[in-house]
Amino acid sequence: MKISDWEKSKNEGVDNLPSGERRRFLQFGLAVTGVFLGGSVLSLTSARNAQGMMGPVPPAGKFPYKPHYTMVMRQNRCIDCERCMEACVKTNNVPSYGYRTTILEQVRSLGENQTERVFMPVLCNHCNRPPCVRVCPTTATYKDKTNGIVMMDYKRCIGCKTCMTACPYNARYFKEENRAIDKCNFCIDTRLAQGEKKTACAAACPAQVRIFGDLTDSSSEAYKLIHRPEKVVWVLRPETGAMPNVFYMND
Amino acid sequence: MKRQYKKIAALAGSLLLAGFFSFAIAAGPAAQPAAEAAPAGYDEDVYGPAAPILWNKPVKGVIFTHKTHTMDMGLSCDACHDELFEMMAGAAEEKADFTMESLYAGKYCGACHDGSMAFASNTRCTTCHIGVKGMKRMSGGTKAATPAH
């Protein structure tokens, strides 16, 4: 029966409706109301504690790993001499078509035809909630349980590159030689395991831009730098909620 | 009715194509000169070489332009030559003490860049340190970054 035919039929009224029919109608109405009411109540409770007010640095004693490796970038000291990139390439055997760390360039307007060049070193942020780890179908990339470094298991990697898409920091590349994704691992195998205290990039920096350290050690330079009260500390892309461990500041 | 639609579609299509071509033409010759050319009236005998000097030691990508210092700031040749810098280009970077520490101690650029005569050597780093990216750009490689905000 079409709607146009329904329109022509006579109104039956509600007097002759069976009570079951009325009950079902009322139940449906209550269900709709309940869904809306429940939704509005839920929307009043926040999903998780807001962190924006406290800045990107987690409160002391709340670092999930030990040692909790970090890198602090004193951004305005960077002069793009690219010694860090050269050292990384040499230490970690990085091919020319990829990078584990690189330098970005920005031009900031100072008004009145004046500009300032800003160089920004970037690398894997070794996030506390890494989007790359979450999407990996073979668990080839994972958080190290002790130190929180986002690691790669080359043998498990199938080269699907999903992690490359998921990473908010563009910190991954496909290494043809390994037939696997490669990325920064804070030189854990090439330097830290050999007893070195700094990553290759941090050691090579002539301007002490990159300060590598352990956040659980309150005497380390990295810890002290990001806990100075007068300094603004920021991270890149905080809105992703990845909780990165590379902090930026100006000297 | 259908014919009208066809006409409209054809018109829209041709407009789109025309727009695309005009955009492609406009976007074509956007290549910029790699380095800033010397302005008219720039006399190399008075103001020094027009080409900027690039240092790669001890760190890569440091620039010096004579024009900024002579023509714009009014310094004479003997303000820097030969006491602070030898005349020969690249002589300074062969010296072991051509470092930021020396500049802070008042040598080389630090003689003026001390915070009172000109901006201090330990500030505004990227004014002179144009970096590897800046050097590549000068040799006509990549495009200049534009102000983000």
Can you confirm whether more than 12 heavy atoms, excluding those of B:E86, are under 6.0 Å from its CD atom? no
Once you round to the nearest 0.5 Å, how far does CG of A:D251 lie from SG of B:C125? 8.5 Å
Would you indicate whether A:K231, at its atom NZ, is surrounded by more than 12 heavy atoms from other residues, nucleotides or ligands within a distance under 6.0 Å? yes
Residues B:K133, A:E82: salt bridge by 4.0 Å N-O rule: yes
Can you tell if the side chain of B:R137 reaches within under 4.5 Å of the side chain of A:E105, non-hydrogen atoms only? yes
For A:N76, is it the side chain, the backbone, both, or neither that has a heavy atom closer than 4.5 Å to a heavy atom of chain B? backbone
Select one option (side chain, backbone, both, neither) describing which atoms of A:R83 are under 4.5 Å from chain B's heavy atoms. side chain
Nearest-0.5 Å distance, CZ of residue A:R77 to OG1 of residue B:T126: 14.0 Å
Atom CD of residue position A:E112 - does it have more than 12 heavy atoms of other residues, nucleotides or ligands inside 6.0 Å? no
Hey, could you give me the CD1/NZ distance between A:I79 and B:K60, rounded to the nearest 0.5 Å? 12.0 Å
Is it the case that atom CD in B:E83 sees more than 12 heavy atoms from other parts of the structure closer than 6.0 Å? no
